[in-house]
Protein chains: 2
Amino acid sequence: MDQPDLTAAPGADLAARLRLSVVRLSRRLRSQRSDAITLTQLSALYTLGACRAMTPGELATSERVRPPSMTRVIASLEEAGLVTRRQHPTDGRQSIIELTRAGADLLAAEASARERWLDKRLAELTEDERGTLSRASEIIDRMAGA
Amino acid sequence: MDQPDLTAAPGADLAARLRLSVVRLSRRLRSQRSDAITLTQLSALYTLGACRAMTPGELATSERVRPPSMTRVIASLEEAGLVTRRQHPTDGRQSIIELTRAGADLLAAEASARERWLDKRLAELTEDERGTLSRASEIIDRMAGA
DNA sequence: TATTGTTATACTCTATAACTATA
DNA sequence: TATAGTTATAGAGTATAACAATA
């Protein structure tokens with residue numbers, strides 16, 4: 001039958017190729033995580049680092065996961081001392097999650113961790129290729145958020 | 001409080017942005033999977049569709065997972081009647097995995113499933129944006145395979 | 001003895017459903 | 001009654017360690 005090498009052929013179905021690429025890179029990134037923190041935790045921490053103080057619901061929306069999933073992520077981050085929780089000023093149901101000093105430090109360390117796997121791989125690319133990935137990242141965010 | 005942050009800022013650390021993008025798109029893709037098959041199974045099926053006949057070890061290497069993980073994926077595909085296993089001609093330890101007719105049919109159906117979430121999103125992009133994603137996909141594959 | 005693959009086990013990630021507390 | 005969040009539970013995905021069969 002038709003013999004499309006979907007992993008390589010440039011003209012082949014984009015959705016299939018992009019799906020494979022993302023699945024495989026995602027596996028790689030998860031397996032390359034540090035001992036201290038998982039990729040899911042790091043992702044939430046980045047969002048918190050950008051928005052400073054958020055409710056669990058805002059975090060879940062921002063990370064595009066369901067509230068129960070975020071509950072577990074927050075609990076693990078709290079236990080690790082990377083975030084704290086304080087009362088919401090007006091709504092007793094909600095709470096405010098913020099980075100601790102340790103959380104901010106870890107984020108800063110991650111950001112400058114040039115020895116990290118992905119940083120190394122990116123450093124091996126040309127400037128043009130990094131530009132392509134940068135634009136792709138923006139397009140992907142738009143798609144994933146839609 | 002829409003993130004002004006690492007997900008959007010063009011000058012921000014590429015590794016961090018790409019990591020977030022890939023994690024989020026991966027979540028989306030897994031949640032958008034059909035009822036019939038998971039993304040992990042589909043990924044293995046695509047590889048089998050391209051390479052026709054492979055041993056479990058070759059499949060694991062190609063998908064970049066560990067052998068025990070591939071054992072489970074193959075078992076689930078076998079149970080679903082999407083792949084079959086036959087004896088290796090010269091090595092009794094190995095076996096040969098191949099698509100069944102049902103597996104090939106499902107793959108063909110997926111490939112032409114224009115109603116799928118990712119296909120819809122991609123169709124909304126400009127030709128230029130799709131070109132960027134296509135090039136990014138190739139770069140990502142090179143990185144993930146390195 | 002080395003290689004290939006499977007079984008046993010455990011942990012992460014995520015979801016849905018049901019529940020609690022507050023608005 | 002509606003909303004925000006948590007708890008209970010389940011299933012997918014992946015890994016390491018130990019094992020069996022074959023080379």
Side-chain angles (χ1 to χ4, degrees), chain A residues 19-20 22-45 47 53-80 83 85-97 144, chain B residues 1 19-20 22-45 47 54-80 83 85-97 144:
Chain A
R19 193 158 20 213
L20 280 172
V22 166
V23 167
R24 288 177 182 161
L25 182 55
S26 178
R27 278 179 189 144
R28 274 300 187 116
L29 291 175
R30 287 193 186 280
S31 73
Q32 294 296 141
R33 71 179 185 276
S34 72
D35 294 336
I37 193 172
T38 70
L39 189 55
T40 295
Q41 293 172 327
L42 182 60
S43 183
L45 222 50
T47 299
M54 306 172 80
T55 66
E58 286 169 346
L59 254 176
T61 300
S62 195
E63 287 290 299
R64 303 188 224 294
V65 297
R66 300 292 178 188
S69 303
M70 189 47 68
T71 293
R72 304 193 96 199
V73 175
I74 293 171
S76 67
L77 290 173
E78 248 184 314
E79 194 180 6
V83 306
R85 186 189 296 262
R86 63 177 163 80
Q87 279 198 332
H88 191 283
T90 61
D91 190 334
R93 298 169 303 181
Q94 305 182 49
S95 54
I96 306 290
I97 312 295
Chain B
M1 57 195 55
R19 193 158 20 214
L20 280 172
V22 166
V23 167
R24 287 177 183 161
L25 182 54
S26 177
R27 277 178 191 146
R28 274 300 187 118
L29 290 175
R30 289 195 185 279
S31 73
Q32 293 296 140
R33 71 179 184 276
S34 72
D35 293 337
I37 192 173
T38 69
L39 188 55
T40 295
Q41 292 172 326
L42 181 60
S43 183
L45 223 50
T47 299
M54 304 172 80
T55 65
E58 286 170 346
L59 255 177
T61 300
S62 194
E63 287 290 299
R64 305 190 223 293
V65 297
R66 299 294 176 185
S69 303
M70 189 47 66
T71 293
R72 302 189 96 195
V73 175
I74 293 171
S76 68
L77 291 172
E78 247 184 317
E79 193 179 8
V83 305
R85 185 189 296 261
R86 62 177 164 81
Q87 279 198 331
H88 191 283
T90 61
D91 189 335
R93 297 169 303 182
Q94 304 182 51
S95 54
I96 306 290
I97 313 295

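What you see is a predicted model; the values in this text were computed from it and never measured. All chains are named by letter (A, B, ...) in the order of the sequence lines, taking the proteins before the strands, and each is independently numbered beginning at 1.
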Of the options C/dC13, D/dT7, C/dG5, whose atoms approach the side-chain atoms of A/T71 most closely? D/dT7
Hey, does the side chain of A/T40 come within less than 4.0 Å of C/dT14's phosphate (OP1/OP2), counting only N and O? yes
Of C/dG5, D/dT16, C/dT14, the nucleotide closest to the side chain of B/T55 is C/dG5
Quickly work out the A/L59 CG to D/dA4 C1' distance and round it to whole Å. 14 Å
Between CG of B/L29 and P of D/dG13 the distance, given in whole Å, is 13 Å
Less than 4.0 angstrom between a side-chain N/O of A/T38 and OP1 or OP2 of C/dC13, yes or no? yes
Nearest-nucleotide pick for A/R30, side chain only, options being C/dC13, D/dA15, D/dT22: C/dC13
Starting at the 5' end of DNA chain D and moving along, which residue's nearest nucleotide shows up first, A/P68 or A/R27? A/P68
Does A/R64 offer a backbone N or O that forms a donor-acceptor pair with the side chain of B/R28 under 3.5 Å? no
A/R27 and B/S26: side chain donor to acceptor below 3.5 Å: no
Look at the side chain of A/R72 and the base of C/dT14, then say whether one donor and one acceptor between them are separated by less than 3.5 Å. yes
Nearest of C/dA15, D/dT16, C/dT22 to any side-chain atom of A/D91? C/dT22
Just how far, in rounded Å, is P of D/dT6 from NE2 of A/H88? 13 Å
Go through C/dT6, D/dG13, D/dA15 for me and flag the one nearest to the B/P56 side chain. C/dT6
Euclidean distance, atom CZ of residue B/R93 to atom C1' of C/dA2 [Å, nearest integer]: 8 Å
Taking B/T71 for its side chain and B/P67 for its backbone only, find out whether a donor-acceptor pair lies under 3.5 Å. yes
Between A/T61 and A/M70, does a side-chain contact (heavy atoms from CB on, under 4.5 Å) hold up when you go through it step by step? CA-CA 9 Å; A/T61 300; A/M70 189 47 68; over 6 Å; no
Could you please name the option among D/dT14, C/dC13, D/dG5 that lies closest to any side-chain atom of A/Q94? D/dG5
Can you tell me how far the CD atom of B/E63 sits from the OG1 atom of B/T47, to the nearest 0.5 Å? 3.5 Å
Counting side-chain heavy atoms from C-beta on, which of D/dT14, D/dT16, C/dA15 comes nearest to B/S69? D/dT14
Rounded off to whole Å, could you give me the CD-to-P distance for the A/E63 and C/dT14 pair? 9 Å
Whole-Å distance separating the CD atom of B/E78 from the C1' atom of C/dG5: 13 Å
Please give, in whole Å, the distance from D/dT22 P to B/Q87 CD? 10 Å
Upstream residue (5' side of DNA chain D) when B/V73 and A/R85 are each assigned their closest nucleotide: A/R85
At under 4.0 Å between heavy atoms, what does B/T61 touch on the DNA or RNA strands: base, sugar-phosphate, or nothing? nothing
What does B/S76 touch in the nucleic acid at a heavy-atom separation under 4.0 angstrom: a base, only the sugar-phosphate, or nothing? nothing
